[in-house]
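Written out below as structure tokens is the structure these notes cover.
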2 protein chains.
Amino acid sequence: METTWAPRLRDAGLRVTRPRLAVLDALAGHPHADADTLVTVARQAHPTISPQAVYGVLKALVAVGLARRVEPAGAPALYEVRVGDNHHHLVCRSCGAVADVDCTVGAAPCLSPSDTSGFVVDEAEVVFWGLCADCQGAGRPAVVPGASDRVRQQAGQQHTRGGAGA
Amino acid sequence: METTWAPRLRDAGLRVTRPRLAVLDALAGHPHADADTLVTVARQAHPTISPQAVYGVLKALVAVGLARRVEPAGAPALYEVRVGDNHHHLVCRSCGAVADVDCTVGAAPCLSPSDTSGFVVDEAEVVFWGLCADCQGAGRPAVVPGASDRVRQQAGQQHTRGGAGA
DNA sequence: ACCCTTGATTTGACTCATTCAAGAAAAGCG
DNA sequence: CGCTTTTCTTGAATGAGTCAAATCAAGGGT
């Protein structure tokens, strides 16, 4: 298992180390994990790995393109090893679950703005917000900032803060 | 100027207060400002306003739909008073400048994923990453996490404009 | 196989945006 | 005009992520 990663690390100019293999394996098994989760999971293979080491490994992996960092609004950053295919994400407003969405266009940027305002665009990042299958029937409140409040404003509903946590 | 906001606050069920008017005016004059900037600007109209008051006001405004919160990856949250038209954003990887992009489709969600994975989607958030006009010639490095490194390696993947699809 | 250089990790402290809590102020109804 | 509720102030705390110095190890050279 681990042997699959070694050549990819070397090809990227990175040394093959135990923390890196542990984090890569953790990433492979947890497609959209945050740093904290990765620390926990990576410790199964490397019990003494430190949180800072995980941050360092992730930063290195992202820098060379072996991993991708995703930062949904209102949640800690997530990491994934699926790179290079410019796919997008579905995020649940209630529980924070993330699912991949294939980009039908393919290469980045898959979309282009009609008026670039002088910008040179190289990537279009798309996040679809909604409720996952599990949360739809549970009547759970949206806890992630976004349009949910506007969506509900017609109903005049007030809602309290729910606990979504980790 | 301030009188324009008062009825909108009341219509939203919020009391009309000096801090709120100051923040709304600051927002109107600074279309994509972060909380810290808003504190500085709002103090011109209300010198004693506290940062926490600004956070509280912004939260209230977002909750009732008078303001929108945008959280580009790797930067503090930005706020804007342009709401209800589901527009998107261009963000400069180098300086963090933000520009609006009209959504040609109009109503949210303007895009729909091909495979929803069981999610009920209510909004598609699109962020176009690139370099603003000022940063293009300056040879400034990208400081915002993203695909810039990977994109550079496969330069030339520019696509023709697909309209503001978003 | 060993050593050495360079890159990686550990340890610990620290920054920053944002939030929480309790008391004081003021908006707006009656 | 006073009362009630909302909102603001003051002060402290949280949590994700970063920075820096010192130790450790990967892997090429000898």
Side-chain angles (χ1 to χ4, degrees), chain A residues 2 5-7 9-24 33-40 42-43 45-64 66 69-79 96 143-145 158 160-166, chain B residues 2 5-7 9-24 33-40 42-43 45-64 66 69-79 96 143-145:
Chain A
E2 294 183 354
W5 293 116
L9 284 168
R10 273 191 266 270
D11 287 350
L14 296 178
R15 289 184 180 172
V16 179
T17 67
R18 209 139 114 68
R20 284 176 179 168
L21 295 175
V23 170
L24 280 166
D34 58 27
D36 193 58
T37 300
L38 291 171
V39 171
T40 303
R43 283 216 235 256
H46 187 186
T48 63
I49 195 172
S50 65
Q52 288 78 354
V54 172
Y55 277 111
V57 168
L58 290 171
K59 190 188 261 186
L61 294 178
V62 170
V64 300
L66 278 178
R69 181 187 179 128
V70 183
E71 294 183 55
L78 308 177
Y79 296 86
V143 294
V144 177
Q158 283 210 341
T160 50
R161 301 181 62 80
Chain B
E2 293 182 355
W5 293 116
L9 284 168
R10 286 202 191 85
D11 288 350
L14 295 177
R15 290 185 179 173
V16 179
T17 67
R18 208 137 113 69
R20 284 176 178 167
L21 295 174
V23 170
L24 280 166
D34 58 26
D36 193 58
T37 300
L38 290 171
V39 170
T40 304
R43 282 216 234 259
H46 188 185
T48 64
I49 194 172
S50 66
Q52 288 77 353
V54 172
Y55 277 108
V57 168
L58 289 171
K59 190 188 259 186
L61 294 178
V62 170
V64 300
L66 278 178
R69 181 186 179 130
V70 184
E71 295 184 55
L78 307 178
Y79 296 86
V143 295
V144 177

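Residue numbers begin at 1 in each chain, while the letters A, B, ... track the order of the sequences.
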Please find the pair of heavy atoms, one from [X] and one from [Y], that lie closest to each other, and give the distance.
{"X": "A:D34", "Y": "A:P76", "answer": "OD2-CG, 4.1 Å"}
{"X": "B:P72", "Y": "B:L78", "answer": "CG-CD1, 4.0 Å"}
{"X": "A:A6", "Y": "A:V16", "answer": "O-CG2, 3.6 Å"}

For B:A33, which residues count as a side-chain contact (heavy atoms from CB on, under 4.5 Å) partner, sequence neighbours excluded? B:H30, B:T37, B:L38
Could you list the residues that satisfy side-chain contact (heavy atoms from CB on, under 4.5 Å) with A:S50, not counting sequence neighbours? A:Q52, A:A53
Does some side-chain heavy atom of B:V57 sit less than 4.5 Å from a side-chain heavy atom of B:T17? no
Does a side-chain heavy-atom distance below 4.5 Å link B:R15 with B:R20? yes
Find the distance [X]:[atom1] to [N]:[atom2] and express it as a whole number of Å.
{"X": "A:L21", "N": "C:dA8", "atom1": "CG", "atom2": "C1'", "answer": "13 Å"}
{"X": "B:L78", "N": "C:dA17", "atom1": "CG", "atom2": "P", "answer": "12 Å"}
{"X": "B:I49", "N": "C:dA26", "atom1": "CD1", "atom2": "P", "answer": "14 Å"}
{"X": "B:Y79", "N": "C:dA17", "atom1": "OH", "atom2": "P", "answer": "12 Å"}
{"X": "A:D34", "N": "D:dG17", "atom1": "CG", "atom2": "C1'", "answer": "12 Å"}
{"X": "B:L58", "N": "D:dT7", "atom1": "CG", "atom2": "P", "answer": "14 Å"}
{"X": "B:L61", "N": "D:dT6", "atom1": "CG", "atom2": "C1'", "answer": "15 Å"}

Per-nucleotide protein contact string for nucleotides 20-30 of chain D (B base, S sugar-phosphate only, - none; heavy atom under 4.0 Å): -----BBS---
Which of the following nucleotides, C:dA17, D:dT9, C:dT10, is nearest to the side chain of B:T48? D:dT9
Nearest to the side chain of A:K59 - D:dT10, D:dC19, C:dT18? D:dC19
Under 4.0 angstrom, heavy atoms only, what part of the nucleic acid is B:A60 near: base, sugar-phosphate, or nothing? nothing
Report the end-to-end axis angle of the helix from C:dA1-D:dT30 to C:dG30-D:dC1; each axis comes from five terminal pairs, and the value is rounded to 10°. 30°
Using a cut-off of strictly less than 4.0 Å, decide whether B:R69 has a side-chain nitrogen or oxygen near OP1 or OP2 of C:dT18. yes
Can you see if the side chain of B:Y55 gets near the phosphate of C:dT19 - specifically, an N or O under 4.0 Å from OP1 or OP2? no
Taking only nitrogen or oxygen atoms into account, show me every contact under 3.5 Å that the protein makes with nucleotides 22-24 of chain C, one pair per line with its distance.
none

Return yes if some donor-acceptor pair links the side-chain N/O of B:R18 with the main-chain N/O of B:A45 below 3.5 Å, else return no. yes
Taking atom CG of A:L66 and atom CG of A:L9, what is their separation to the nearest 0.5 Å? 6.0 Å
